[in-house]
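Everything on this sheet refers to the single structure shown next.
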Amino acid sequence: MNDQDKRAVEGMARCGIDLDGLCESFPKFPREELEAIYIATRKSIGSWSAPTPEIKTNCS
């Protein structure tokens with residue numbers, strides 16, 4: 001994984017995507033590598049123990 005890929009993964013983790021969604025978004029990367037980046041990113045923003053709730057909007 002190059003630096004640009006790593007930054008993309010970190011950005012999505014900061015935005016509240018869950019680990020499964022992250023793995024689906026980056027299928028060519030090993031889950032273990034994505035999980036390590038995900039955990040480190042979520043811990044760095046203080047959201048590891050309290051995951052971001054799913055946000056739903058009604059667009060009608």
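Taking NZ of Lys6 as the reference point, atom CD of Glu33 lies at 7.0 Å (rounded to 0.5 Å). To the nearest 0.5 angstrom, Glu32 atom CD is 9.0 Å from Cys23 atom SG. Taking OH from Tyr38 and CD1 from Ile17, the interatomic distance works out to 8.5 Å, rounded to the nearest 0.5 Å. Ile39 contributes atom CD1, which lies 12.0 Å from atom OG of Ser44 (distance to the nearest 0.5 angstrom).
Within the 4.5 Å cutoff, no side-chain heavy atoms of Met1 are placed close to those of Phe26. Using a 4.5 Å cut-off on side-chain heavy atoms (C-beta onward), Leu22 and Glu35 make no contact.
Taking every heavy atom of both residues into account, Asp5 and Phe29 meet most closely at OD2-CZ, 3.3 Å. When all heavy atoms of Glu10 and Ile37 are compared, the pair lying nearest together is CG-CG2, 3.6 Å. Residues Arg42 and Gly16 come closest through the heavy atom pair NH1-CA, 3.8 Å. Contact between Val9 and Leu34 at its shortest, heavy atoms only, is CG2-CD2, 3.7 Å.
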